[in-house]
Student: 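Starting off with a structure, shown below.
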Amino acid sequence: MSFTIVIPARLASTRLPNKPLADIGGLPMVVRVARRAAQSAAAQVVVATDAPEVAAACAAHGVRALMTRADHPSGSDRLAEAVELLGLADDAAVVNVQGDEPLIAPAMIDACAATLAAQPGCVMATVAHALTDPCEFTNPNVVKLVCDRAGRALYFSRAPIAWWRDGGGAPRQALRHVGLYAYRAGFLRRFPTLAVSPLEQIESLEQLRVLWHGERIAVHVSDEQPGPGVDTPEDLARVRGLIQG
C-alpha cells in the first residue's frame, strides 16, 4: 500500500534539550531519522514541527518539513494537523515515526503499514517483539501488550502482562510494544475529538484512548528488535558510537 511517513519533532525535552537537532555523525538527529525512513517504501516523508530551527535544519538537508501549532497536547494531535496540511484522503495511510529513532529499521516501517492494510477493520497498526528479559517484564518503563487470536491489541500496560500464574512470571509469548504506528488518515482527523480515557490517564499510554473508544489496533509481531532510541544524553552517546563505528 502507498503510505506517508510523518515524523513529529519538538524541541522541548526535559531530559535532552533540543533533541531533534542533536548532532549524530555530522547530521541533526531528525534528518538522520528522515533519511532512514526514506529507505522504506513510503511515498513521502515529512517532518511535522513547531520549531523554526527544526524546519530550517530539515530544509538545509533536503527534508520536507511542515510547521504545526505549538499547543498540541500529544504527538497524535500534531499528526492530525499534518494530515490536514497535506490534504490526505481519509483512506490514506500515515505512519508515525518518532523523531528520536535514528536507527529505525525501514523494513519494520513497511511491515507496520502492511499490517494496517491487511486489517481493514482496524484504524491503527503498531509493532511488538518477543520480550525475553525478566527485568524488562517487570519494568514499568517497558510497555507490554497482549493480542487476540487475530493479532489485534487487547490491552497495553506498564504492568507485567500477561502474568503466568502457574509459571510465576512472564509467559513465553510475552510481547514488548514498539512505539511505531500506522493510522488511517480519517481516524487521525477524528482522534483529537475523542475524550481522554481513564485508562490512558492511569497508564500514561495514549493508545489506550483508541481501545477505550472501541476502535481496534492491529499488531505486527516482529522477529527483530528495533535499534536504540534517544531519550537521554547517555542514549545519545550510545547511538553516536553505533553510527560512527
Side-chain angles (χ1 to χ4, degrees), residues 1 3-6 8 48 72-83 88 90-98 101 104 108-109 111-131 136-165 170-222 225-226 229:
M1 68 182 297
F3 61 94
T4 294
I5 290 176
V6 179
H72 288 303
S74 72
S76 297
D77 292 280
R78 192 173 307 282
L79 286 173
E81 184 184 358
V83 163
L88 298 179
D90 281 349
D91 61 352
V94 180
V95 176
N96 174 14
V97 174
Q98 299 299 324
E101 297 284 348
I104 185 72
M108 189 174 286
I109 296 172
C112 188
T115 299
L116 181 65
Q119 293 267 17
C122 296
V123 296
M124 287 175 56
T126 192
V127 178
H129 65 81
L131 194 161
E136 289 192 341
F137 189 61
T138 56
N139 183 348
N141 294 316
V142 175
V143 178
K144 281 71 66 174
L145 75 155
V146 290
C147 300
D148 65 14
R149 67 177 183 175
R152 298 169 302 203
L154 288 171
Y155 194 66
F156 299 81
S157 184
R158 298 182 182 279
I161 58 171
W163 183 262
W164 188 12
R165 188 196 66 176
R172 285 186 293 273
Q173 67 270 30
L175 296 174
R176 177 176 184 165
H177 181 230
V178 177
L180 177 66
Y181 299 99
Y183 301 82
R184 302 192 193 281
F187 175 71
L188 269 177
R189 286 189 168 93
R190 187 159 55 88
F191 181 85
T193 69
L194 298 178
V196 175
S197 78
L199 295 175
E200 171 188 0
Q201 293 176 314
I202 292 168
E203 297 261 20
S204 191
L205 295 174
E206 186 180 285
Q207 62 269 37
L208 289 176
R209 186 187 315 182
V210 182
L211 299 182
W212 193 79
H213 282 279
E215 300 289 0
R216 294 188 178 276
I217 302 174
V219 180
H220 167 68
V221 179
S222 174
Q225 297 189 19

Student: Measure the CG-NE2 distance between Leu175 and His129 for me, rounded to the nearest 0.5 Å.
Tutor: 9.0 Å
Student: I need the minimum non-hydrogen distance between Asp77 and Pro192, along with the two atoms involved.
Tutor: OD1-CB, 3.3 Å
Student: Examine the side chains of Tyr155 and Glu203 and answer whether a donor and an acceptor come within less than 3.5 Å of each other.
Tutor: yes
Student: Nearest heavy-atom pair of Ala118 and Pro120: which atoms, and what distance?
Tutor: O-CD, 3.4 Å
Student: Restricting to non-hydrogen atoms, name the atom on Met108 and the atom on Ser222 that form the minimum distance, rounded to 0.1 Å.
Tutor: CE-OG, 3.7 Å
Student: Is it true that a side-chain atom of Thr126 and a backbone atom of Val178 form a donor plus acceptor pair closer than 3.5 Å?
Tutor: yes
Student: Can you sort out the partners of Glu215 under side chain to side chain donor-acceptor pair (under 3.5 Å), two or more places apart, ordered by chain and number?
Tutor: Arg190
Student: Aromatic rings Phe137 and Trp163: how do their planes relate, parallel, tilted or perpendicular, breaks at 30° and 60°?
Tutor: parallel
Student: Who are the side chain to side chain contact (heavy atoms under 4.5 Å, CB included) partners of Asn139, not counting sequence neighbours?
Tutor: Asn141, Val142
Student: According to side chain to side chain contact (heavy atoms under 4.5 Å, CB included), who are the partners of Ala111, at least two apart in sequence or on a separate chain?
Tutor: His220
Student: What is the distance from atom CE of Met124 to atom CG of Asn96, rounded to the nearest 0.5 Å?
Tutor: 8.5 Å
Student: Under 3.5 Å, is there a donor-acceptor pair between the side chain of Lys144 and the main chain of Arg158?
Tutor: yes
Student: With a sphere of 6.0 Å drawn around CZ of Arg216, does it hold more than 12 non-hydrogen atoms of other residues, nucleotides or ligands?
Tutor: no
Student: Indicate yes or no for a side-chain donor-acceptor contact from Gln119 to the backbone of Ala150 under 3.5 Å, with no hydrogens or angles considered.
Tutor: yes
Student: If I compare all heavy atoms of Ser197 with all of Glu200, which pair ends up nearest, and what's the gap?
Tutor: OG-N, 3.0 Å
Student: Considering only heavy atoms from C-beta outward, does the side chain of Phe191 approach that of Val123 to under 4.5 Å?
Tutor: no
Student: Looking at Val219 and Ala128, what are the two nearest heavy atoms and their distance?
Tutor: CG1-CB, 4.0 Å
Student: Can you tell if the side chain of Gln207 reaches within under 4.5 Å of the side chain of Val143, non-hydrogen atoms only?
Tutor: yes
Student: How many angstroms lie between CD1 in Ile217 and CG in Leu211, if you round to the nearest 0.5 Å?
Tutor: 4.0 Å
Student: Can you tell me how far apart CG (Leu194) and CZ (Arg209) are? Round to the nearest 0.5 Å.
Tutor: 6.5 Å
Student: Could you grab the distance from atom CZ of Arg184 to atom SG of Cys122, nearest 0.5 Å is fine?
Tutor: 7.5 Å
Student: Under the side chain to side chain contact (heavy atoms under 4.5 Å, CB included) test against Leu131, which residue among Glu136, Gln225, Gln173 passes?
Tutor: Glu136
Student: Grab the two heavy atoms, one from Cys112 and one from Ala182, that are nearest each other, plus how far apart they are.
Tutor: SG-N, 3.6 Å
Student: If you round to the nearest 0.5 Å, how far is CG of Leu208 from OG of Ser157?
Tutor: 8.0 Å
Student: When the ring planes of Phe187 and Tyr183 are compared, do they come out parallel, tilted or perpendicular, using 30° and 60° as the limits?
Tutor: parallel
